[in-house]
Amino acid sequence: MLKNFSLFIGHRGTRIDYDENTLESFEVALKSGANYIEFDVRKAKDNELVIFHDSRVDRITNSEGLLENFTYPEIARIRFKLTSSHIPTLNEVLETFRSRIKFIIELKSENVKEQVIKTINDHNLLKDCVISGRNLYDLKIIKQSYPESCVCYNITKGRGLKLKDFMNQGKNRNLHFIPDLISLHSKMISQDFIEICHKNEILALSWDFIGYENPFEVIKCLIEMGIDGILFDNHKNITLTKHWLTKINQFS
């Protein structure tokens with residue numbers, strides 16, 4: 001089952017020791033062994049695409065308010081609490097990390113997909129990007145418009161297909177639309193979920209390991225179950241997992 005695992009994804013770069021969704025967090029994920037960085041895209045008041053997870057800036061920056069109410073020049077002056085890093089733009093991230101790592105781009109703002117795809121195509125990076133989101137209809141539109149694109153459905157709080165319906169339809173290979181990947185919260189992963197993904201030629205991802213006493217043990221368990229990729233909250237666990245897999249392979 002270990003042979004399935006190949007996607008070492010830096011979740012928002014890393015969420016430990018560095019401010020998430022910053023150039024610094026992406027750099028440390030890359031240096032720790034990630035082959036993808038995952039990040040969230042929102043639209044500023046003046047339509048600039050910026051990298052930020054929350055709808056409000058309060059939790060992790062020195063400012064307050066809804067991100068969509070700021071213009072980009074205003075956003076550029078905002079600083080994160082931990083490292084005083086700035087909020088990057090999508091253009092900045094793609095330009096900085098192109099040819100160094102691949103990207104999983106989570107659509108956070110509504111009606112942002114066309115502009116995100118245009119930006120990716122402007123950089124000629126569609127083949128290096130996975131477009132992720134919780135709106136299955138948006139992902140279907142992207143796939144229809146760009147058949148060569150790769151899409152990931154975040155099913156945990158997804159709109160368009162609930163987990164229960166996915167399990168029922170997928171068991172009988174009766175899915176109306178098949179994304180390339182499906183991402184599910186770590187507490188909801190089951191052997192059946194992974195097997196149904198694979199039955200339908202879908203790669204299974206898992207995310208959110210922050211709340212566990214020993215996240216690395218949970219990650220190892222999911223890999224042994226056959227998960228294809230992990231969104232690592234802690235960059236150090238990417239290195240630990242790679243070392244563990246190397247030892248396992250030496251004795252297999």
Participant: Might you point out which heavy atoms bring A29 and G10 nearest each other, and give the distance in Å?
Facilitator: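 Nearest pair, atom of A29 first, then G10: CB-CA, 4.1 Å.
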Participant: So that I can tick it off, tell me whether R12 and E106 are bridged by a salt bridge, with the cut-off set at under 4.0 angstrom between side-chain N and carboxylate O.
Facilitator: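 So E106 does not pair with R12 through a salt bridge.
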Participant: Please test H198 against D228 for side chain to side chain contact (heavy atoms under 4.5 Å, CB included), starting from the C-alpha separation and ending with a verdict.
Facilitator: CA-CA 9 Å; H198 292 167; D228 298 285; 2.6 Å; yes
Participant: Between F103 and I37, is any pair of side-chain heavy atoms under 4.5 Å apart?
Facilitator: yes
Participant: Just by distance, with hydrogens left out, do H185 and D208 show a side-chain donor and acceptor under 3.5 Å apart?
Facilitator: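 Yes.
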Participant: Judged by atom type as modelled, is there a donor-acceptor pair below 3.5 Å linking the side chain of N47 to the main-chain atoms of K43?
Facilitator: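 Here the side-chain-to-backbone pair does not exist.
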Participant: Compare all side-chain heavy atoms of T156 with those of W207 and state whether any distance is below 4.5 angstrom.
Facilitator: yes
Participant: For H123 and D128, which I'm curious about, is there any donor-acceptor pair between the side chains at under 3.5 Å?
Facilitator: no
Participant: Side chains of Y36 and L205, heavy atoms from C-beta outward: is any pair under 4.5 Å?
Facilitator: no
Participant: Do the side chains of I9 and L181 join up, straight or via other hydrophobic residues, at under 4.5 Å, putting them in one cluster?
Facilitator: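 The answer is yes; both residues are in one hydrophobic cluster.
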Participant: Just one of N200, V130, I202 clears the side-chain contact (heavy atoms from CB on, under 4.5 Å) bar with P179, so which one?
Facilitator: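 So the option named by the test is I202.
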Participant: Is a donor on one side and an acceptor on the other found under 3.5 Å between the side chain of T239 and the backbone of S32?
Facilitator: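 A pair under 3.5 Å: yes.
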Participant: With distance as the sole test, does D46 use its side chain to make a donor-acceptor pair with the main-chain N or O of T71 at under 3.5 Å?
Facilitator: no
Participant: Is it true that the NZ or CZ of K187 lies under 6.0 Å from the centre of Y212's six-membered ring and within 45 degrees of the ring axis?
Facilitator: yes
Participant: For a side chain to side chain contact (heavy atoms under 4.5 Å, CB included) check, start with the C-alpha distance between H53 and R15, then their side-chain angles and the critical distance, and finish with the verdict.
Facilitator: CA-CA 11 Å; H53 179 269; R15 299 172 66 193; over 6 Å; no
Participant: Any chain of hydrophobic side-chain contacts (each under 4.5 Å) joining W244 to I227?
Facilitator: yes
Participant: Between CG of L126 and OG of S149, what distance do you get to the nearest 0.5 Å?
Facilitator: 6.0 Å
Participant: Checking side chain to side chain contact (heavy atoms under 4.5 Å, CB included) for the pair F26/N21: CA distance, chi angles, key distance, verdict?
Facilitator: CA-CA 7 Å; F26 300 145; N21 276 331; 3.8 Å; yes
Participant: Atom NZ in K157, atom CG in L163: separation rounded to 0.5 Å?
Facilitator: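 Reported value, rounded in 0.5 Å steps: 14.0 Å.
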Participant: Got L49 and T89 here, is their nearest side-chain heavy-atom distance under 4.5 Å?
Facilitator: no
Participant: Is the shortest heavy-atom distance from the side chain of K113 to the side chain of V116 under 4.5 Å?
Facilitator: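 With C-beta onward as the side chain, the pair stays apart.
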Participant: For H86 and F80, which heavy atoms make the closest approach, and how far apart are they?
Facilitator: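 Where H86 meets F80 most closely, the heavy atoms are O-CE1, 3.5 Å.
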Participant: For residues I120 and I131, determine if any side-chain heavy atom of one lies less than 4.5 Å from a side-chain heavy atom of the other.
Facilitator: yes
Participant: With a cut-off of 6.0 Å (strictly less than), are more than 12 heavy atoms of other residues, nucleotides or ligands near CG of N174?
Facilitator: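 Yes, the 6.0 Å shell around CG holds more than 12 heavy atoms from other groups.
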Participant: Ignoring hydrogens and geometry, is there a side-chain-to-backbone donor-acceptor pair from E68 to S55 under 3.5 Å?
Facilitator: no
Participant: List the atom of L139, the atom of S132, and the distance in Å for their closest heavy-atom pair.
Facilitator: CD2-C, 4.2 Å
Participant: Quick check: does any side chain N or O of N35 sit under 3.5 Å from a backbone N or O of L7, one acting as donor and the other as acceptor?
Facilitator: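 No, the answer is negative, given that no donor and acceptor are paired below the 3.5 Å cut-off.
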Participant: For residues T22 and S85, report the shortest heavy-atom separation together with the two atoms involved.
Facilitator: CG2-CB, 3.8 Å
Participant: Does I194 belong to the same Ile/Leu/Val/Met/Phe/Trp/Tyr cluster as Y153, with side-chain heavy atoms less than 4.5 Å apart forming each link?
Facilitator: yes
Participant: Hey, what do you get for CD1 (I51) to CG (L23), rounding to the nearest 0.5 Å?
Facilitator: 9.5 Å
Participant: Side chains of D19 and T83 only: does a donor on one sit below 3.5 Å from an acceptor on the other?
Facilitator: yes
Participant: Is any side-chain heavy atom of F209 closer than 4.5 Å to one of F232?
Facilitator: no
Participant: Would you please test L245 and I223 for side chain to side chain contact (heavy atoms under 4.5 Å, CB included) and show each step?
Facilitator: CA-CA 10 Å; L245 286 170; I223 293 173; 4.2 Å; yes
Participant: Look up atom CE in M167 and atom NZ in K171, then write down how far apart they are to the nearest 0.5 Å.
Facilitator: 6.5 Å
Participant: Rounded to the nearest 0.5 Å, how far apart are NZ of K140 and CD1 of I178?
Facilitator: 11.5 Å
Participant: What are the two closest heavy atoms between F39 and L90, and how far apart are they?
Facilitator: CE1-CD1, 3.7 Å
Participant: Please determine which of D17, T14, T241 meets the side-chain hydrogen bond (donor to acceptor under 3.5 Å, both in side chains) test together with K236.
Facilitator: D17
Participant: Does F216 share a hydrophobic cluster with L231, counting links as ILVMFWY side-chain heavy atoms below 4.5 Å and allowing steps through other members?
Facilitator: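 The answer is no; the residues belong to distinct hydrophobic clusters.
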Participant: If hydrophobic clusters are built by linking Ile, Leu, Val, Met, Phe, Trp and Tyr wherever their side-chain heavy atoms come under 4.5 Å apart, do F177 and L175 end up in the same one?
Facilitator: yes
Participant: Using a cut-off of 6.0 Å, state whether more than 12 heavy atoms not belonging to D122 lie near its atom CG.
Facilitator: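 Result for CG/D122: enclosed.
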Participant: Looking only at atom types and distance, does a side-chain atom of D40 sit under 3.5 Å from a main-chain N or O of K108, one as donor and one as acceptor?
Facilitator: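 Checked: no pair found.
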Participant: Return yes when atom CD of E148 has more than 12 non-hydrogen atoms of other residues, nucleotides or ligands closer than 6.0 Å, and no otherwise.
Facilitator: yes
Participant: Should we say atom NZ of K45 is surrounded by more than 12 heavy atoms from elsewhere, each under 6.0 Å from it?
Facilitator: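 For K45, atom NZ is not crowded (no more than 12 foreign heavy atoms under 6.0 Å).
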Participant: Report, as yes or no, whether the 6.0 Å neighbourhood of atom NZ on K242 holds more than 12 heavy atoms from other residues, nucleotides or ligands.
Facilitator: yes
Participant: Inspect the contact between K143 and D180 and indicate whether a charged nitrogen and a carboxylate oxygen are less than 4.0 angstrom apart.
Facilitator: yes
Participant: Of all heavy-atom pairs between D58 and K81, which one has the smallest distance, and what is that distance?
Facilitator: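 Minimum heavy-atom separation between D58 and K81: O-NZ, 3.3 Å.
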Participant: Once you round to the nearest 0.5 Å, how far does CG of L222 lie from CD of Q191?
Facilitator: 10.0 Å
Participant: Does atom CD of E217 have more than 12 heavy-atom neighbours from other groups under 6.0 Å away?
Facilitator: yes
Participant: Should N234 and P215 count as side-chain neighbours, where that means a heavy-atom distance under 4.5 Å?
Facilitator: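 They are not in side-chain contact.
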Participant: Is atom CZ of F166 surrounded by more than 12 heavy atoms (other residues, nucleotides or ligands) closer than 6.0 Å?
Facilitator: yes
